[in-house]
Amino acid sequence: MSVLLARLAPVKSSLSGPEARRIALAAQGFSRSRPAAAGTRQLNQAMARMATLQIDSVNVFARSHYMPLFSRLGSYDTAALDRLLFARRPAYTEYWAHVAAFIPATDWALFGFRMDDLRAKYGSAAGGWFDSHRDIVEWVRAELTERGPLRPAQIEHDAKKGGARGPWWDWDVVKRSLEYLWMFGEVAVAGRRGFERRYAMAHDVLPAEALATRIDRDDAVRELVRRAAKAYGVATAADLADYWRINDRGAILAAVADLESAGELQPVTVDGWTRGGRPMPAWVHTEAALPRRVDAAALLTPFDPVVWFRDRAERLFDFEYRIEIYTPAPKRRYGYYSLPVLVGDDIVGRIDLKADRARSTLLVQSAWWEQSAPSGAAARVADELRTAARWQRLESISVSRWGDAVDDIADVLPEAARHEARAEVAPVLAVEPAG
């Protein structure tokens with residue numbers, strides 16, 4: 001991928017829609033050529049550009065947290081990412097960042113204000129759930145302190161083994177206690193077994209310096225807004241707020257004003273970004289790059305930063321996106337878990353994939369173009385499907401007959417089999433604690 005970059009210095013005061021798209025994609029790493037081999041260094045670099053990695057339990061094609069790295073780097077060893085995320089003293093940890101997500105372990109203190117807010121909301125009210133279950137909460141704390149990392153089921157099992165009785169020993173109560181302690185920052189996730197979390201006291205998992213650091217709320221919000229602005233390249237206040245799910249518009253605008261005064265953000269208008277017929281205020285990060293072209297090809301998870309905020313996806317790509325997992329099968333328009341398809345600098349379609357492990361086959365359950373088929377897009381998508389199959393160690397590909405793009409894709413995938421339309425998949429869900 002040969003791409004020329006232009007730093008926005010001095011920053012332009014207005015951008016066309018295509019320029020905004022190219023800035024946004026470059027900020028997320030899509031203007032870069034994929035490495036010949038993606039190792040630890042490349043994984044860390046991609047993680048740094050995104051700043052966070054959302055977690056989701058659906059596992060039809062691949063776990064969602066594996067996908068953004070695949071989209072940017074191509075085929076890589078997921079075990080290498082697991083080692084980064086789940087080592088005994090990992091470089092990353094889980095927290096409620098952009099919902100449940102991986103963040104650098106050193107960033108734990110940036111979310112201290114959120115831990116305080118969640119404790120005030122759920123842990124302080126007299127007669128509330130947390131107050132009413134303090135006996136089991138204290139017992140869970142003691143178990144983790146004494147025994148180290150545990151799964152919720154292990155705590156529940158040992159409680160019953162020890163002869164404990166009563167409705168408060170219910171597994172859901174144990175799990176909820178752990179979730180609250182995690183949200184309050186007392187407990188951290190020490191890895192997973194399959195997809196089930198293992199919990200430990202935070203000091204047993206996280207760097208002592210991260211736990212000892214205290215960051216003022218305003219300073220933390222400003223730093224998070226800075227990171228969101230850099231990760232997005234160009235963004236509205238709503239975009240910046242959504243990156244970390246900060247529901248305080250005043251705090252976001254104050255942080256933006258500080259960063260603008262410091263010369264890190266500059267106001268910009270983007271053609272087509274309007275509300276009520278008026279331009280939406282937006283800002284561009286002064287380190288943002290404007291590529292002359294972006295020649296990417298990628299399958300995106302629904303929880304990729306490029307599309308996870310649906311309002312932004314509509315503004316950037318004119319792409320209206322909803323996941324149809326909870327839509328009854330006969331009423332689905334695009335499929336169970338369709339993935340946005342990026343070709344060039346635009347989202348050109350969506351494709352519903354399933355990894356059929358029993359038959360070692362990648363199933364294209366449906367495929368759709370957004371407008372008419374862009375020239376050469378089918379061949380680019382076919383190459384991505386071949387790469388996806390190899391990445392998931394699947395030996396073959398089968399394309400359904402559901403969607404206006406399936407025949408185009410099958411025509412340039414002569415090795416692929418065909419199967420009938422609407423070969424619906426049963427949900428493949430993992431055990432994932434609430435939140």
Side-chain angles (χ1 to χ4, degrees), residues 1-9 11-12 15 17-54 62 64-78 80-81 84-85 91-92 102 104 226-235 239 243 284-301 303-308 312-313 316-317 319 339-348 374 376-377 379-388 390-391:
M1 186 188 302
S2 176
V3 178
L4 296 175
L5 300 179
R7 290 288 171 188
L8 296 178
V11 178
K12 297 175 68 171
L15 297 168
E19 285 176 328
R21 283 202 305 272
R22 297 201 300 274
I23 290 171
L25 290 170
Q28 285 289 315
F30 285 100
S31 63
R32 298 168 175 260
S33 298
R34 285 176 172 174
T40 300
R41 181 170 66 87
Q42 289 80 11
L43 292 173
N44 279 322
Q45 287 173 341
M47 292 282 286
R49 279 191 293 273
M50 292 183 287
T52 187
L53 189 63
Q54 184 174 339
S64 190
H65 68 278
Y66 291 134
M67 280 290 295
L69 287 307
F70 171 70
S71 302
R72 288 154 179 77
L73 304 175
S75 184
Y76 72 96
D77 183 4
T78 56
L81 182 61
L84 285 176
L85 300 178
Y92 301 91
F102 294 103
R226 173 188 289 114
R227 296 186 187 194
K230 193 168 185 179
Y232 267 159
V234 57
D239 297 338
Y243 210 90
V284 64
H285 195 279
T286 52
E287 292 182 11
L290 173 56
R292 294 184 182 177
R293 62 192 291 262
V294 171
D295 190 27
L299 306 172
L300 305 177
T301 173
F303 306 112
D304 191 295
V306 173
V307 294
W308 65 15
R312 177 177 171 85
L316 276 173
F317 305 105
F319 180 61
L339 308 178
V341 179
L342 176 69
V343 173
D345 67 358
D346 204 0
I347 291 176
V348 302
R380 301 290 298 277
V381 173
D383 285 342
E384 284 303 295
L385 292 173
R386 292 184 182 105
T387 302
R390 289 193 298 270
W391 178 52

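- The salt bridge (charged side-chain N to carboxylate O under 4.0 Å, His left out) search around R22 returns none, not counting sequence neighbours.
- A search for salt bridge (charged side-chain N to carboxylate O under 4.0 Å, His left out) contacts involving D383 returns R386, not counting sequence neighbours.
- For Q54, the side chain to side chain contact (heavy atoms under 4.5 Å, CB included) criterion is met by H98, V99, F303, W308, not counting sequence neighbours.
- The salt bridge (charged side-chain N to carboxylate O under 4.0 Å, His left out) test applied to D345 returns R21, not counting sequence neighbours.
- Shown here for V381 and V341, the closest heavy-atom pair between the two residues is CG2-CG1, 3.7 Å.
- Residue R380 holds its CZ atom at 7.5 Å from CD of E384, rounded to the nearest 0.5 Å.
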Please list, one pair per line, the donor and acceptor atoms closer than 3.5 Å that link side chains of residues 42-49 to other protein atoms, with sequence neighbours excluded.
from: Q42; atom 1: OE1; to: G39; atom 2: N; distance (Å): 2.8
from: N44; atom 1: OD1; to: Y92; atom 2: OH; distance (Å): 2.6
from: N44; atom 1: ND2; to: T40; atom 2: O; distance (Å): 3.4

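- When all heavy atoms of A20 and V234 are compared, the pair lying nearest together is O-CG1, 3.8 Å.
- One finds the CZ atom of F102 at 7.5 Å from the CG atom of L81 (value rounded to the nearest 0.5 Å).
- What you find for R34 and A297 is that their closest heavy atoms are NH2-O, 3.1 Å.
- For the atom pair F30 CZ and D295 CG, the distance stands at 13.0 Å (nearest 0.5 Å).
- Listed by chain and residue number, R312, L316 satisfy the side chain to side chain contact (heavy atoms under 4.5 Å, CB included) test with A24 (two or more places apart in sequence, or in another chain).
- Across all their heavy atoms, A288 and G233 have their closest contact at CB-O, 4.0 Å.
- Y76 meets the ring-ring contact (aromatic ring centres under 6.0 Å, His included) test with W391; sequence neighbours excluded.
- Sorted by first and then second residue, the side chain to side chain donor-acceptor pair (under 3.5 Å) pairs with a member in residues 64-75 read Q28-R72, S64-T301, Y66-D82, R72-D304; sequence neighbours excluded.
- To the nearest 0.5 Å, atom CG of residue L299 and atom CG of residue L385 are 6.0 Å apart.
- The structure places OH of Y232 at 5.5 Å from CG of D239, a figure rounded to the nearest 0.5 Å.
- For the pair A26 and P291, the tightest heavy-atom approach, listed with the atom from each and the gap, is CB-CG, 3.6 Å.
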